[in-house]
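Input: a single structure, listed below in structure tokens.
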Amino acid sequence: NTAFTKRQIGSSNTLQINPWKHVRAPLPRLDPGEAKSLYFSAGDDDRLESREAASTWNGLIGGAAGAAKAFSVSFWVRPMDSIINGSQLWAVGDLSTNGRYIETYGTTGQIRVNWGDNGAGSLLNSYTNDNVLAVGTWAHVVVTYVGGAATAPLIYINGEYLKPSGVTTATATTPSTISGDTLVVGGIEGGSPSTSNFTGNMCDVAVWTKELSQAEVTEIYGAGTRTYLLGVSCNPSLLSWWRLGSDPRDDVTAAIYNQ
């Protein structure tokens with residue numbers, strides 16, 4: 001049973017597998033289903049930061065070349081105020097080399113996904129050609145990583161697969177071993193620079209130990225309403241699920257629980 005904990009002032013909390021750092025804000029309600037979500041403020045250095053080392057996450061969803069693991073990430077997100085280029089929504093590993101991450105791209109609503117480095121210092125990424133996020137509007141994002149195969153991750157927005165014509169992709173290659181920074185939601189480890197932190201709401205951040213199919217993405221999207229992920233058909237592959245505010249145990253000053 002995994003949790004996020006606040007570590008900004010060196011909390012001594014010891015909780016299960018993946019405690020995290022967190023966020024101060026009230027818990028606004030998500031339009032679909034009127035359930036609670038978590039608000040992040042980049043200016044207040046809000047983020048969730050795993051206490052587990054990058055090496056732990058590498059063992060769970062990492063690996064290099066042919067040994068790289070397939071996995072997927074899903075979440076609901078609603079930007080607020082404005083969209084800043086390079087705000088990290090979900091990230092693990094060194095962002096300049098081996099990291100896997102999902103971030104805003106530009107300032108009008110595009111998303112960029114990175115899955116490593118080509119060994120010559122060039123990051124390998126895909127980004128949406130069209131705007132898929134809008135200030136004040138909820139969107140459901142799923143990114144599926146193939147694993148050892150030299151194939152770019154697939155991007156789904158609100159249950160719909162973005163075909164290659166809707167995505168620009170760098171030369172695909174196999175991922176590198178995850179090292180450096182631990183897993184972070186809504187920012188980067190250490191919180192600097194603050195321009196890498198996100199302002200807005202997020203909820204139902206989940207990590208899956210497989211490349212989700214279109215049918216599975218459609219199921220967890222739930223036709224635009226939040227879905228109880230322990231009840232979906234692919235739940236045996238659900239590695240972590242942080243509801244971010246909907247668990248009655250969640251406390252924004254202490255711990256955010258994994259389901």
Side-chain angles (χ1 to χ4, degrees), residues 1-6 13 15-23 27-40 46-52 56-57 59-62 69-78 88-92 100-102 138-145 153 156-159 178 182-187 198 200-213 215-252 254-259:
N1 189 8
T2 318
F4 294 106
T5 59
K6 181 172 181 177
N13 292 341
L15 294 171
Q16 294 92 14
I17 303 173
N18 306 330
W20 301 63
K21 173 169 184 173
H22 177 68
V23 184
L27 299 177
R29 291 188 177 277
L30 174 63
D31 299 334
E34 289 296 301
K36 290 180 178 179
S37 63
L38 213 54
Y39 177 75
F40 296 77
D46 291 342
R47 66 192 184 279
L48 298 174
E49 185 175 304
S50 173
R51 188 168 290 179
E52 288 299 305
T56 298
W57 287 104
L60 294 168
I61 59 173
K69 296 176 174 61
F71 71 99
S72 301
V73 179
S74 62
F75 52 82
W76 284 95
V77 59
R78 178 174 65 176
Q88 299 299 315
L89 303 173
W90 182 94
V92 62
R100 278 72 150 164
Y101 60 80
I102 306 167
W138 284 100
H140 189 254
V141 177
V142 179
V143 175
T144 66
Y145 291 79
Y156 299 80
I157 303 296
N158 294 332
I178 295 172
T182 189
L183 198 155
V184 182
V185 175
F198 171 69
N201 299 79
M202 294 183 71
C203 62
D204 291 335
V205 177
V207 180
W208 310 77
T209 57
K210 64 172 292 185
E211 180 190 8
L212 295 175
S213 68
E216 290 165 336
V217 170
T218 299
E219 184 180 9
I220 65 175
Y221 172 56
T225 60
R226 290 178 72 172
T227 302
Y228 185 68
L229 298 182
L230 293 179
V232 299
S233 61
C234 52
N235 87 81
S237 299
L238 184 59
L239 174 65
S240 296
W241 172 30
W242 299 281
R243 299 178 76 177
L244 303 192
S246 287
D247 189 317
R249 300 172 296 171
D250 286 351
D251 180 344
V252 298
I256 302 297
Y257 283 83
N258 178 23
Q259 303 304 300

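The structure presented is a predicted model; accordingly, all values stated were derived computationally and were not measured.
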Closest approach of P236 and S233, non-hydrogen atoms and distance?
CD-O, 3.5 Å
Those residues that, when tested against T209, pass side chain to side chain contact (heavy atoms under 4.5 Å, CB included) (two or more places apart)
S237, L239
So how far is it from W138 CH2 to N158 CG, rounded to the nearest 0.5 Å?
12.0 Å
Supply the atom-to-atom distance R243 CZ to Y228 OH, rounded to the nearest 0.5 angstrom.
7.0 Å
Side-chain donor/acceptor of Q88 to backbone N/O of V184, under 3.5 Å
no
L89 and M202 have their tightest heavy-atom pair at O-CE, 3.6 Å
Considering all heavy atoms, the nearest V217-G159 contact
CG1-CA, 4.0 Å
Less than 4.5 Å apart, any side-chain heavy atom of W208 and any of V142?
no
Looking only at heavy atoms, which two atoms of A206 and L238 are closest? And how far apart?
CB-CD1, 3.8 Å
Considering residues at least two apart in sequence or located in another chain, which fulfil the side chain to side chain contact (heavy atoms under 4.5 Å, CB included) criterion with E216?
K210, L212, S213, C234
For Y221, give me all partners under ring-ring contact (aromatic ring centres under 6.0 Å, His included), at least two apart in sequence or on another chain.
W76, H140
Please walk me through it: do L60 and F71 pass side-chain contact (heavy atoms from CB on, under 4.5 Å)?
CA-CA 9 Å; L60 294 168; F71 71 99; over 6 Å; no
Which distance, rounded to the nearest 0.5 Å, do you find between the OG1 of T227 and the CH2 of W241?
8.5 Å
Going by the rule side chain to side chain donor-acceptor pair (under 3.5 Å), which residues pair with S72 if we only count those two or more places apart in sequence or in a different chain?
none
Is there side-chain contact between R100 and I178, with heavy atoms separated by less than 4.5 Å?
yes
S240 side chain vs V207 backbone, donor-acceptor pair below 3.5 Å:
no
Give the intermediate values and the outcome of side-chain contact (heavy atoms from CB on, under 4.5 Å) for residues V185 and F75.
CA-CA 10 Å; V185 175; F75 52 82; over 6 Å; no
Indicate the ring-plane relationship of Y145 and W90, choosing parallel, tilted or perpendicular according to the 30° and 60° boundaries.
tilted
